[in-house]
Amino acid sequence: MTINAASSSGLLRRLVERNLITAVAAENIHDESIRKKTPIVSLLVEKSILPALTIAEAAAEDFGIPLLDLNSFDTEAIPIELIDEKLMTRHHVLVLFRHGDRLHVAVSDPSSLSALNEFKFKTGLNTHPVLVEENKLSLFIDKVLTAQAGKALFNMDDASLEDIELGSEEESPAAATASDAEDAPVVRFVNKILIDAINGGVSDIHFEPFEKMYRIRYRRDGVLYEAAQPPLALAPRITARLKVVSQLDIAERRVPQDGHFKMALSKKRSLDFRINTCPTIAGEKVVIRILDPSSAHIGIEKLGYEEKQRQLFLDAIQRPQGMVLVTGPTGSGKTVSLYTALGILNTEEVNISTIEDPVEINVPGINQVNINLKAGLDFASALRAFLRQDPDIIMVGEIRDLETAEIAIKASQTGHMVLSTLHTNGTTETLTRLMNMGVPAFNVATSVNLIVAQRLARRLCPQCKILEDVPEKSLMQMGFTEAEIAAGIKIFGPLIAGCSQCHSGYTGRVGLYEVLPISSAIGHMIMEGGSSLDILEVALKEGLQTLRRSGLNRVRDGVTSLEELNRVTKD
């Protein structure tokens with residue numbers, strides 16, 4: 001079978017000939033690719049027309065190009081000197097390795113030869129394509145470019161620290177330059193604190209003045225630790241510098257202030273920082289949250305859901321209406337979970353609107369609104385506006401009061417999918433919390449599709465974790481079953497001193513989840529006024545895996561420690 005439009009794309013033609021897609025679908029993809037200037041393979045995967053692996057396997061066979069699973073490839077083997085950010089992003093390719101005068105380049109669309117020709121011209125090497133899956137290629141390109149930006153920051157010398165660009169979009173360049181010139185040592189110090197935080201995977205930075213000392217602490221993997229103790233006399237100057245780049249009122253020290261600023265890592269990549277100042281008896285404390293946009297695109301498979309939990313979550317967010325609630329304490333990863341769901345749902349065919357306080361991650365294709373209480377824009381008023389904006393999916397940053405809850409539930413009952421968060425300890429407590437706020441039990445039972453309670457536990461460093469000797473009696477008390485103990489369960493713990501790859505024996509975090517679908521039995525229990533314990537009893541009979549059990553599974557698998565499990569979950 002031949003088609004006119006697709007004849008210019010060998011890949012599309014091959015897919016049609018293999019009956020993997022229809023000629024009409026190929027025509028539409030070809031036209032959209034030209035109109036949007038988006039690669040054909042990206043559109044095929046993005047629109048779920050074909051799985052990335054199916055495309056790669058078909059293309060590899062038809063074009064006679066070797067197929068590689070990028071998950072098995074070590075990025076350390078990539079020749080750093082041959083990385084060209086412009087070529088990689090423009091052509092959507094990845095340099096893999098060099099062998100003599102041969103350069104192997106990963107591609108997801110073998111019918112595009114312009115990229116190979118440009119690499120050959122630039123490097124003088126014979127370029128050879130290696131076929132990979134589109135979704136993995138996108139992740140690896142981001143990973144490599146991010147690592148390169150990080151290495152550039154890590155290797156900065158003191159002289160370069162003054163050249164880092166900090167500021168908000170509204171900032172006056174002249175004012176910033178004047179401030180920098182007046183206090184260059186403080187500028188360098190603040191920039192170094194920020195760079196060290198980025199390189200160390202820090203989520204928050206605390207600048208804390210006390211009567212006789214000034215302390216700076218980093219929060220890494222959910223735990224605070226001291227990073228520096230600059231002279232107390234520097235406290236006002238450091239605070240002033242942070243206020244200048246965030247466009248806050250330097251003279252106002254009596255009330256809290258909120259702001260934000262950006263750090264340019266490269267011409268195409270920058271990081272956002274959210275800042276809050278709060279007056280204390282010893283001076284102004286400043287806390288900075290580092291907002292990494294890449295956290296919204298990590299993929300649901302990396303969040304830590306077990307297979308059954310992941311499927312329940314995916315089924316719930318794909319329903320045409322209803323409510324999905326994510327609950328947990330501050331810093332438990334609720335925002336990342338919601339944005340992961342939005343990333344799955346974010347297609348051209350749906351209208352997505354979010355209201356947050358504040359917007360933490362900017363996502364193209366989603367209408368995002370910031371709370372502005374001074375102007376009268378709160379969650380409830382924004383929700384009312386959304387309902388007149390022809391929405392399909394609505395995300396509410398947090399349900400804080402009855403008015404917001406009632407509007408959100410009304411939206412979920414009138415053909416909209418609503419995603420939101422609450423601050424409760426578990427799934428069943430969320431149901432009773434809504435009813436205690438004043439939401440009628442019938443509305444709760446008929447509108448809520450799924451509740452997810454989550455925590456983040458630190459991952460044991462795979463390089464230096466150590467085997468611990470825990471008595472069987474203690475394991476039983478922790479919650480392990482006799483069958484697990486009889487099978488010879490191994491418990492690992494952290495090497496406190498850590499190694500070059502970790503911090504105190506831990507590196508990164510893993511999600512622990514309790515996923516509760518609202519079944520008919522649970523719905524009846526809600527309408528009968530059952531307590532959270534009554535609802536929990538029914539849920540356990542239906543197979544609910546509690547947060548504690550999820551954590552025990554991670555300990556059993558050697559992912560985290562008993563100490564960390566006890567820190568983030570209750571018995």
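This structure is a prediction, so every number in the text was calculated from the model and none was measured.
The side-chain hydrogen bond (donor to acceptor under 3.5 Å, both in side chains) contacts involving residues 492-508 comprise Y506-S561, where partners must be two or more places apart or lie in separate chains. Residues in residues 337-348 take part in these salt bridge (Lys or Arg N to Asp or Glu O under 4.0 Å) pairs, two or more places apart or across chains: K36-E348.
Closest non-hydrogen pair, G397 versus F379, comes out as N-CE2, 3.7 Å. Of all the heavy atoms in L460 and G493, the pair that sits closest is CD2-C, 3.5 Å.
Between R458 and D221 no salt bridge is recorded (no basic side-chain N to carboxylate O distance below 4.0 Å).
A donor-acceptor pair under 3.5 Å is formed between the side chain of R554 and the backbone N or O of G304. Side chain of S332 to main chain of P329: a donor-acceptor pair is present (N/O by atom type, distance under 3.5 Å, no hydrogens or angles).
Applying the side chain to side chain donor-acceptor pair (under 3.5 Å) criterion to Q229, with sequence neighbours excluded, gives E226. Partners of R254 according to the salt bridge (Lys or Arg N to Asp or Glu O under 4.0 Å) rule, which considers only residues two or more places apart in sequence or in another chain, are E252. Among residues two or more places apart in sequence or in another chain, the salt bridge (Lys or Arg N to Asp or Glu O under 4.0 Å) test is passed with K334 by none. Contacts of F210 classified as ring pair (Phe, Tyr, Trp, His ring centres under 6.0 Å), with partners at least two apart in sequence or in another chain: none. Legend: residues meeting ring pair (Phe, Tyr, Trp, His ring centres under 6.0 Å) with F313, ordered by chain and number and at least two apart, are Y305. For the salt bridge (Lys or Arg N to Asp or Glu O under 4.0 Å) test, residues two or more places apart in sequence or in another chain that qualify with R384 are E403. Every residue was checked against the side chain to side chain donor-acceptor pair (under 3.5 Å) condition with Y513, not counting sequence neighbours, and none meets it. Scanning for side chain to side chain donor-acceptor pair (under 3.5 Å) contacts around T239 gives an empty result, with sequence neighbours left out. The salt bridge (Lys or Arg N to Asp or Glu O under 4.0 Å) check on E514 picks up nothing, with sequence neighbours excluded. Applying the side chain to side chain donor-acceptor pair (under 3.5 Å) rule to N276 yields the partners D258; only residues at least two apart in sequence or on another chain are considered.
In this pair, H104 and F97 present their aromatic rings parallel. The plane angle is below 30°, not in the 30 to 60° band.
Using a 4.5 Å cut-off on side-chain heavy atoms (C-beta onward), L456 and L512 make no contact. With contacts defined as side-chain heavy-atom distances shorter than 4.5 Å, the pair V190/L242 qualifies.
Side-chain contact annotation: Q454 with S337, donor-acceptor N/O pair under 3.5 Å present. A donor-acceptor contact under 3.5 angstrom links the side chains of N367 and N351, judged on distance only.
Between atom CG of residue L342 and atom CG of residue N346 there is a gap of 7.5 Å, rounded to the nearest 0.5 Å.
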